[in-house]
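Below is one structure, written out as C-alpha cells; the observations come after it.
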Amino acid sequence: MVKHNNVIPGEHFRKHWQNYVKTWFNQPARKTRRRVARQKKAVKIFPRPTAGPLRPVVRGQTLKYNMKVRAGRGFTLEELKAAGIPRKLAPTIGISVDHRRKNRSLEGFQVNVLRLKTYKQKLVVFPRRAGKFKAGDSAAEELANATQVQGPLLPIQREKPTCELVKVTKDLTAVKAYDKLRVERVNVRHVGARAKRAAEAEKEEKK
C-alpha cells in the first residue's frame with residue numbers, strides 16, 4: 001500500500017515511445033570521417049593554409065555585439081590599395097576581397113592594412129609550374145623551407161577589458177548618487193514649466 005497522502009501513480013505508456021527515441025550511435029564515426037576529410041583537404045590544397053583565405057578584422061553588428069571583434073568576409077578595395085596589393089591579385093594569393101564593405105573608422109582601416117602588410121611579409125608564392133619562376137614568385141630557398149599553416153591564419157587577438165581599482169575615500173562615500181538622480185529627474189521633468197514661468201515673470205517685469 002502507498003504511504004502518505006501522495007498522488008496515485010497512473011502512468012499511461014500507450015504511445016509508441018520507442019519510435020520517438022533519438023539515438024546518436026553514429027557520432028564517433030562521423031567524428032572520424034570529418035577528421036579524415038580535413039586531412040585529405042589539407043593534402044589537396046597544399047601548400048595553402050588549411051584555414052582558407054585571410055579575412056579582415058571587423059566589429060559585430062548592432063549595439064549588443066559591436067564591442068566584439070571577429071573575422072569579416074573580405075578586405076575593402078581601399079585597404080588593399082593602402083597595403084599595395086592589386087585587387088585582381090589578392091584572391092590569387094589567398095586574400096579575400098569584399099567590394100561592398102566600407103571603412104567607417106580610421107582605427108579599423110589601419111588594423112586591416114597592418115594585417116595585410118604582415119601577411120605580405122610572411123607570404124611564400126609558389127610558381128605555377130615547377131621550376132619556371134616568374135616575377136612575384138618566391139626564391140627557391142624560401143620554397144624549400146615553406147610549411148603549410150595549420151589552424152587559424154593570423155588569429156584575431158581579442159583584448160580583455162581591464163578595470164581600475166580605486167580606494168574608497170570619504171569624498172566618495174559622501175556622494176549620494178540615488179538622491180542626485182532623483183533631483184535631476186525632477187529637474188528634467190519640470191524644465192518646460194519652469195521656463196514658461198520664467199518667461200511670464202519677465203513679461204510682468206517689463207510692464
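- Under a hydrophobic-cluster definition in which Ile, Leu, Val, Met, Phe, Trp and Tyr are linked whenever side-chain heavy atoms come within less than 4.5 Å, directly or via other members, Leu154 and Leu116 are assigned to the same cluster.
- In this structure, Met67 CE and Tyr65 OH are separated by 9.5 Å, a value rounded to the nearest 0.5 Å.
- Clustering of Ile, Leu, Val, Met, Phe, Trp and Tyr side chains at separations under 4.5 Å leaves Val186 isolated, with no partner residue.
- Leu77 and Phe109 are members of different hydrophobic clusters when ILVMFWY side chains are connected at heavy-atom separations under 4.5 Å.
- In plain terms, the two heavy atoms of Val124 and Ala146 that are nearest each other are CG1-CB, 4.1 Å.
- Ile156 and Val113 fall into different hydrophobic clusters, where Ile, Leu, Val, Met, Phe, Trp and Tyr side chains are chained together by heavy-atom contacts under 4.5 Å.
- Taking a cutoff of 4.0 Å between a charged side-chain nitrogen and a carboxylate oxygen, Lys102 and Glu78 do not qualify as a salt bridge.
- Formation of a donor-acceptor pair under 3.5 Å by the Arg158 side chain with backbone atoms of Val69 is found in this model.
- Distance check, rounded to the nearest 0.5 Å: SG of Cys163 to CG of Leu165 gives 5.5 Å.
- In this structure, Gln61 places its CD atom where only 12 or fewer heavy-atom neighbours from other residues, nucleotides or ligands lie under 6.0 Å away.
- Side chain of Glu79 to backbone of Thr76: a donor-acceptor contact under 3.5 angstrom is found.
- Between Tyr119 and Ile93 the shortest heavy-atom distance is OH-O, 2.7 Å.
- A distance of 8.5 Å separates NZ of Lys22 from CH2 of Trp24, quoted to the nearest 0.5 Å.
- When atom types are taken as modelled, the side chain of Arg55 and the backbone of Arg73 share a donor-acceptor pair closer than 3.5 angstrom.
- In this structure, Leu89 is a member of the same hydrophobic cluster as Leu54, with clusters built from ILVMFWY side-chain heavy atoms closer than 4.5 Å.
- A donor-acceptor pair under 3.5 Å is absent between the side-chain atoms of Asn103 and the main chain of Ser105, judged by distance alone.
- Partners of Asp171 under the side chain to side chain contact (heavy atoms under 4.5 Å, CB included) rule, at least two apart in sequence or in another chain, are Thr169.
- Glu184 places a side-chain heavy atom less than 4.5 Å from the side chain of Lys180.
- Shown here is Arg128, whose CZ atom has no more than 12 heavy atoms of other residues, nucleotides or ligands within 6.0 Å.
- Of the possible polar contacts, none joining the Gln148 side chain to the Pro47 backbone as a donor-acceptor pair under 3.5 Å is found.
- Ile95 and Val149 end up in the same hydrophobic cluster when Ile, Leu, Val, Met, Phe, Trp and Tyr side chains are linked at under 4.5 Å.
- Between Thr92 and Lys88 the shortest heavy-atom distance is CG2-O, 3.9 Å.
- For the pair Arg34 and Arg30, the minimum side-chain heavy-atom distance is below 4.5 Å.
- By the neighbour-count criterion of 12 heavy atoms within 6.0 Å, atom CZ of Arg48 is sparsely surrounded, having that number or fewer from other residues, nucleotides or ligands.
- Residues Pro53 and Leu153 come closest through the heavy atom pair C-CD2, 4.2 Å.
- The two atoms that bring Val57 and Asn112 nearest to each other are N-OD1, 2.8 Å, heavy atoms only.
- When the shell of 6.0 Å around CG of Leu172 is examined, it contains more than 12 heavy atoms from other residues, nucleotides or ligands.
- Side chains of Leu106 and Gln110 form a contact here, defined as non-hydrogen atoms less than 4.5 Å apart.
- For Asn19, the CG atom is densely surrounded, since the number of other residues' heavy atoms within 6.0 Å is greater than 12.
- Crowding of Glu107 atom CD: a count of heavy atoms from other residues, nucleotides or ligands under 6.0 Å not exceeding 12.
- Expressed to the nearest 0.5 Å, how far CG of Leu80 lies from CZ of Arg87 amounts to 9.0 Å.
- Within the 4.5 Å cutoff, no side-chain heavy atoms of Asp179 are placed close to those of Leu181.
- A heavy-atom distance below 4.5 Å is not found between the side chains of Arg182 and Asn187.
- The main-chain N or O of Asn66 is found under 3.5 Å from a side-chain atom of Arg59 such that the two form a donor-acceptor pair.
- Counted within 6.0 Å of CD on Gln18, heavy atoms from surrounding residues, nucleotides or ligands total more than 12; the atom is thus considered enclosed.
- Through side-chain heavy atoms spaced under 4.5 Å, either directly or across other Ile, Leu, Val, Met, Phe, Trp or Tyr residues, Val21 is tied to Trp17.
- Under a 3.5 Å cut-off, the side chain of Arg115 and the backbone N or O of Pro56 do not form any donor-acceptor pair.
- The two residues Asp137 and Phe126 have their closest heavy-atom pair at OD1-O, 4.0 Å.
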